[in-house]
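This report refers to the structure that appears directly beneath it.
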Amino acid sequence: MSRIDDLVSKMTLDEKIGQLVMRALGAGTIVTGPDAAAEPSVDDVRQGRVGSILNLVGRDRILALQKIAVEESRLGIPLLVGLDVIHGYLTDAPVPLAEAAAFRPDLWEATARMAAEEAAEDGVALTFAPMLDLARDPRWGRMVEGPGEDPYVGRLMAAAKVAGFQGADLTRPEAIAATAKHFVGYGAVNAGREYASVDLSERTLHEFYLPAFKAAVEAGTLAIMPAFHDIAGRPMTGDKPLLTDLVRDTWGFEGIYVSDYDAIGELVAHGVAADMAEAAAIGLTAGMDIDMMSPAYRDGLRPAIERGLVSVDLLDAAVRRVLAAKQRLGLFEAPYARGTIVVARPREERRALVRAAGAAACVLLKNESEVLPIGPTGGPIALIGPFGTTTREMIGAWYGLGDREEAVTIKAGIEAAFPGRTLLVAEGVSGLGGATDGIAAAVAVANEAEVVLMAVGEAAELSGEAASRTQPGFTGKQAELVRAVMATGKPVVLLLVCGRPLIETEIIEAAAAVLVIWHPGSEGGAAVAEVVTGRRPPSGKLPVSWPRHLGQVPVFYNERPTGRPYADGEFFVTKYIDAPNDPLYPFGHGLSYTTFELGVPEVDRAVFKPDQPVTVTARLANTGDLTADTTVFLFLRDCVASTARPILELKRFATLTLEPGEETVVHFTLATADFECLGPDLTPCAEPGDFELSVGFSADRKALQTTKVTLVS
Ligand code: BGC
């Protein structure tokens with residue numbers, strides 16, 4: 001008899017239910033939702049009433065609790081210990097949206113692996129990451145946690161993060177299990193308002209929102225977390241057609257569903273369950289395995305079974321999946337391995353990795369008169385703004401457990417990078433509102449400087465969960481500060497600290513240079529300084545379109561065509577009468593300190609048959625005088641299909657390093673699957689016909705170079 005069969009045969013009903021319950025345990029926990037400090041007690045672990053815990057931190061506490069589960073509970077089943085290890089545990093990489101801007105899957109994987117090692121050392125076995133929510137609306141604060149607006153980037157991010165956290169073998173104690181979240185379509189909440197309802201077409205769900213989750217399943221993610229929201233009245237936590245019929249039965253997902261915080265119990269507030277028993281029954285029937293923090297399974301499953309709302313067989317199936325997940329993590333054989341191993345690399349190595357990631361994430365939106373990079377000698381540099389000296393804004397949302405005070409501030413980074421220049425610092429105004437007192441002093445500082453760096457944007461706590469904003473722009477009096485400093489006539493470089501695009505068009509247009517630094521991580525200031533000095537020229541690209549006006553939202557590059565495309569000077573075409581259609585900066589935009597040129601793409605076969613690969617090549621040259629990285633994008637447009645296809649779809653990207661004057665050829669190989677679309681019944685098919693293939697440095701259609709291929713049957 002297998003271990004799982006044996007255990008299930010011995011378990012009481014309460015012990016079975018206990019395996020499906022995940023709770024935070026009072027003192028020593030961090031808080032990520034309402035009522036986190038509520039019971040249970042250690043005795044619930046001893047009695048087998050809690051099978052998983054979250055938010056408990058500290059290896060000693062975790063080990064002590066694990067020992068109680070293993071040595072004092074009747075069946076000795078180890079606990080599954082979960083935590084939000086989102087962009088770092090002790091050492092924070094840039095926030096996920098910033099990492100996405102690096103367009104470097106190898107980096108995405110490396111930072112996840114590092115975070116896994118650090119977390120595993122402390123006894124954590126499961127992270128609630130990666131967050132794979134495609135997001136088009138910067139009002140939604142959680143845009144910061146994910147890969148941005150593109151489904152292909154989401155797919156690569158999913159694969160890289162799952163590989164990074166889990167590695168090839170999850171029993172290795174330095175590996176932790178991934179949770180692909182929040183399944184699915186959460187980024188489309190109405191009007192960008194957190195936890196609101198979603199209404200999405202089946203097609204858009206399948207074309208845009210589901211692919212990243214499918215990639216996570218293919219990469220072997222151990223867990224998936226359904227989101228809080230409903231789609232058209234069907235809360236994700238109770239969505240059997242998606243959770244079970246599609247993901248388990250069609251995609252072959254064999255892991256566990258972990259609910260979001262209290263989400264099964266919230267089926268009552270959604271208005272689809274009358275009480276906890278009904279909520280538990282809906283969750284279990286949909287396929288939910290672990291109930292995080294709600295009373296539904298704990299208090300509602302037994303009555304649900306007694307009332308005949310669900311069967312014990314269904315309960316057993318979920319229990320088996322949870323036990324199998326624990327087995328896959330090696331918890332039965334070595335329950336204390338995580339928490340006693342020492343695997344993390346030397347601190348300096350980890351710091352170097354997040355410094356490199358922080359620099360690679362910076363996106364140079366504009367650089368007039370080449371004000372950047374700033375040379376090692378010259379007059380004073382002013383650093384003005386509320387975020388020049390704060391550590392918290394370097395880390396951003398979902399910080400790990402590292403000492404936040406150890407984050408390198410922009411001031412510290414710039415000071416160290418410019419030993420030959422004087423640095424003058426002024427806060428000006430506070431980042432969260434309040435007085436304008438400091439503006440005059442800041443202006444005086446600017447007047448003494450040769451160049452001004454302004455660390456402005458949004459405070460760390462203004463993005464992330466429960467942080468929707470109707471005006472995603474500068475908070476408080478920052479705009480006033482920037483205008484006053486600009487009025488000095490000094491060249492102003494904005495260092496935009498943010499977790500989402502900030503809609504500040506007038507100020508961005510007036511600045512000499514704008515470098516988006518996001519929340520750049522534990523080495524943030526040092527990373528930014530490397531970009532500002534030019535030691536690492538900027539190479540980041542926007543993973544989301546940067547709106548010009550809030551009224552354009554959602555604005556994204558891969559929209560579907562219209563019967564009345566925009567045409568200059570025409571009236572009855574798709575347009576605004578008070579603003580352009582285009583965002584201020586398109587998806588993929590990001591300048592370097594050097595210039596690159598791309599040639600017209602060529603294909604190895606202009607006509608191809610199903611199963612024949614198509615190779616696209618384009619000449620790429622560094623036409624400037626600096627060695628730098630750039631990213632080349634390959635977009636596709638399916639010209640005629642049974643259902644209209646997006647005007648552009650990202651199919652590949654490549655990041656290359658070129659020396660001054662160097663020329664190379666970029667190669668992309670596409671398989672027939674890359675030409676597929678979802679047919680009328682939503683099944684993938686490659687429809688014969690013409691396709692445009694375009695290469696470029698962003699999704700700006702005016703700047704793309706295009707060729708055509710034809711698929712024949
Ligand atoms: C968030 C999740 C998170 C969970 C546990 C929830 O409020 O939506 O992303 O994993 O809390 O902390």
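What you are looking at is a predicted structure, and each value in this text was computed from that prediction instead of being measured. Atoms within a ligand are numbered from 1 in the order they appear, just like the ligands themselves.
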Item to check | Summary of side-chain hydrogen bond (donor to acceptor under 3.5 Å, both in side chains) pairs that have at least one residue in residues 322-332, sequence neighbours excluded | outcome: Gln19-Lys326

Identify all side-chain donor-acceptor contacts of residues 162-170 below 3.5 Å with residues at least two apart in sequence or on another chain.
residue, atom, partner, partner atom, Å
Gln166, OE1, Ala178, N, 3.0
Gln166, OE1, Leu222, N, 2.9
Gln166, NE2, Gly220, O, 2.9
Asp169, OD1, Thr171, N, 2.9
Asp169, OD1, Thr171, OG1, 2.6
Asp169, OD2, Thr171, OG1, 3.0

Item to check | Plane angle bin for Tyr257 and Phe183 - parallel if under 30°, tilted between 30 and 60°, otherwise perpendicular | outcome: tilted

Item to check | Atom pair CG (Leu54) and CE (Met22), whose distance is rounded to the nearest 0.5 Å | outcome: 6.0 Å

Checklist entry - Protein residues near ligand 1, heavy-atom distance below 4.0 Å? => result Thr32, Leu54, Asp84, Phe128, Arg142, Lys181, His182, Met225, Phe228, Asp260, Tyr261, Met292, Glu465

Checklist entry - Do you see a donor-acceptor pair shorter than 3.5 Å between the side chains of Ser197 and Asn190? => result no

Checklist outcome for this item: Taken in chain and number order and not counting sequence neighbours, the residues that satisfy side-chain hydrogen bond (donor to acceptor under 3.5 Å, both in side chains) with Asp291 are Ser294

